[in-house]
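Below: one structure, written as C-alpha cells.
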Amino acid sequence: MIIKLTDQQEKAQAGFKNFVDMEVVPIADAYEREERVCPDLIKKLAGHGYLGAVLPSEYGGGAMSMVTCGVLHEEVGRGCSSLRSLLTVHGMVSLAILRWGSQAQRAHWLPLLARGDALAAFALTEPNAGSDSQKIATRARRVGDSYALDGRKKWITFGQIADVFLVFAQCEGKATAFLVEKNCPGLTIKPIHGMLGVRASMLAELVFEDCRVPRVNLIGREGTGVSYVAAAALDFGRYTVACGCVGIGQASLEASLEYAAQRRQFDAYLKDHQLIRQMLTGMVTNVKAARLLCQHAGYLKDQGAPEAIMETSIAKYFASKMATRAASDAVQIHGANGCSSEYPVQRYLRDAKVMEIIEGSTQIQEITIAQYSYQEFGA
Amino acid sequence: MNIESTSAVVAEKISMANDEIKAKVKRFILGTVRKPDLRDDEDVFALGFVNSLFAMQLVMFVEKEFHIHVENEDLEIDNFKSVNAIANLVERKT
C-alpha cells in the first residue's frame with residue numbers, strides 16, 4: 001500500500017501551487033473586499049485549463065483524475081475559497097451535463113465550459129429549501145415545446161456572472177433539472193452582497209417569472225432532478241469543498257507558522273510558547289488527516305466505487321470542521337492582527353464557516369454518516 | 001451434440017448468469033437495507049431504509065460491477081426498485 005501522489009500528480013500540484021502563489025495569493029484579500037473576482041483572473045484560470053479540468057479531452061477538457069482534481073481544489077482553496085467555489089460550481093454543472101445530458105447538450109455546452117467561454121452555476125437552493133432540497137417550490141409547466149418556470153433560487157454561487165444555470169424545479173410534482181441561459185426571457189438576476197464569507201463568490205438570487213425554457217434543455221428525465229442529476233453534482237461539490245477546506249487549513253497553518261516565528265511576547269517567540277505549539281500541532285495533524293480522507297475519497301471516485309459517495313461525505317464533514325478550527329486558531333495566534341484586514345487569517349475563518357454550511361451542512365452530514373455507520377455495522 | 005441440447009446449455013448459462021447477477025445485486029442492497037429476508041421482487045425504495053444518496057450508489061454499483069453505462073433512458077425508478085428489476089436492466093444492457 002502506497003499513500004502518496006504519483007510523480008505526475010506531484011508535478012501537476014507544483015503547477016497549481018505556482019499559479020496560486022503568483023496569481024491568486026497577492027490579490028485575494030483585495031478582490032474579496034470588492035466582493036468580486038476580477039475577469040482577468042477567471043481568464044487566467046481558464047487559460048490554464050482549470051475550468052475544464054475534469055472534462056474528457058474530446059470536449060477540450062483536461063481529463064484530470066479526481067485525485068488530481070482534489071489537489072487542484074486544495075491549492076486554489078489555499079489561496080482563495082471564492083475562486084475555488086467557481087471551480088466547484090462550474091465543475092458540478094459540467095459533470096452533470098457530461099453524465100446526464102443528451103448528446104446534443106454535451107456537444108454544445110461541454111467545449112464552451114471546458115474553455116471557460118461560458119461559466120456555469122448550480123441553482124438548487126431556494127429561500128425556503130436548503131438542506132431539505134426535495135421541497136423546492138420552483139415550478140415547471142409544460143407549454144408546447146417549452147417549459148415555463150416560476151419561482152426563486154437564492155444564494156447561487158457566481159450567479160452574477162454565470163452564462164448558464166442548472167436549475168431544479170418541480171414538474172408535475174417531480175424534481176427535474178433544466179439548463180437555463182442567463183438571457184432567457186423571464187429570468188431576473190439580483191446580486192447578493194454583504195455575506196460573512198466567500199465574499200467574492202458573486203452570489204445572486206434568480207427570479208423566474210414565466211421563464212420559457214426549450215424542451216431540449218431538460219437534463220436527464222422528468223423526476224430525476226434531485227435523485228440523480230443533483231446527487232451526482234453535489235457529490236462533486238462536497239468533494240471539492242472538502243479539498244478546498246484542506247487548502248484553508250494549510251493556509252491557516254502556514255500563516256500561523258510564519259507569524260509565530262517572528263512575533264515575540266514575554267521575551268520569547270510565539271512559536272516557543274507551549275500553548276501556541278499545542279494549537280500548531282492540532283493544525284498540522286488535522287490538516288494531514290483531512291487531506292488523507294480527501295485523497296481516499298478521490299481514489300475511490302477514480303475507481304467508480306459506490307462507497308466513494310459516503311467517504312466523500314465523511315471527508316467533507318471532517319475537513320470543513322477542521323478548517324473552521326484551524327482558521328479560528330490561526331486568528332487566535334495572530335491576536336488583534338488576526339482580526340484586522342491586514343492579515344488573511346480572518347478571511348480564512350469567515351470562509352471556513354461557510355464551508356460548514358454549503359454542500360450539506362455539518363448537521364446533515366452527521367445524520368447521513370451516522371445512518372451509514374448503522375448500515376455498515378448492522379446496528 | 002444436437003441443436004436441442006446446445007440450446008439447453010445456452011439457456012442454462014443465461015439462467016446461471018441471471019442468478020449470479022441477482023446474487024451480486026442482493027448482496028449490495030443488503031449492505032444498506034437491513035432486511036435479510038428481502039425478496040427479489042420487493043421494492044427497496046418503499047421499505048424506508050434508504051436515503052437520497054442510495055439511488056446514485058446503486059447506479060455506481062451496477063456500472064462498476066457489470067461494466068455497463070447507465071444512461072438517461074434507463075433512469076426509470078422501475079429499473080432500480082428491486083433485485084429483479086436491476087438484474088433485468090443489467091441483462092438488457094449486456
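Chain A is the first sequence line, chain B the second, and so forth, proteins listed ahead of strands; every chain is numbered from 1. Given the structure is predicted, the values throughout are model-derived calculations rather than measurements.
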Are more than 12 heavy atoms, taken from residues, nucleotides or ligands other than A/Asp145, located less than 6.0 Å from that residue's CG atom?
no
B/Glu73 atom CD, neighbour heavy-atom count above 12 within 6.0 Å
yes
Is it the case that more than 12 heavy atoms not belonging to A/Lys135 sit under 6.0 Å from its NZ atom?
no
Starting at CZ of A/Arg238, measure out to CG of B/Leu53 and round the result to the nearest 0.5 Å.
5.5 Å
Atom OG of A/Ser227 and atom CZ of B/Phe45: how far apart are they, to the nearest 0.5 Å?
7.5 Å
Ring pair (Phe, Tyr, Trp, His ring centres under 6.0 Å) filter on A/Phe165, not counting sequence neighbours, yields none
For B/Gln57, which atoms come within 4.5 Å of any heavy atom of chain A: side chain, backbone, both, or neither?
both
Positions in residues 61-69 of chain A that reach chain B, provided some heavy atom is under 4.5 Å away
none
What part of B/Phe54 is in contact with chain A, defined as an atom under 4.5 angstrom from a non-hydrogen atom: side chain, backbone, both or neither?
neither
Quick check: under 4.5 Å, non-hydrogen atoms only, which of residues 216-225 of chain A neighbour chain B?
A/Gly220, A/Arg221, A/Thr224
Once you round to the nearest 0.5 Å, how far does NZ of B/Lys64 lie from CD of A/Glu307?
8.0 Å
Region of B/Glu65 in contact with chain A, defined by heavy-atom distances below 4.5 Å:
neither
Under 4.5 Å, counting heavy-atom pairs only, tell me which of A/Ser133, A/Ala305, A/Ser102, A/Pro306 racks up the most with chain B.
A/Pro306
Using the side chain to side chain donor-acceptor pair (under 3.5 Å) criterion, which residues pair with A/Lys316? Sequence neighbours excluded.
none
Is there side-chain contact between B/Met60 and A/Ile309, with heavy atoms separated by less than 4.5 Å?
yes
Evaluate the side-chain proximity of B/Val59 to A/Arg99: yes if any heavy-atom separation is below 4.5 Å, no if none is.
yes
Identify the two heavy atoms, one from A/Trp100 and one from B/Asn72, that lie closest to each other, and give their separation to 0.1 Å.
O-ND2, 2.6 Å
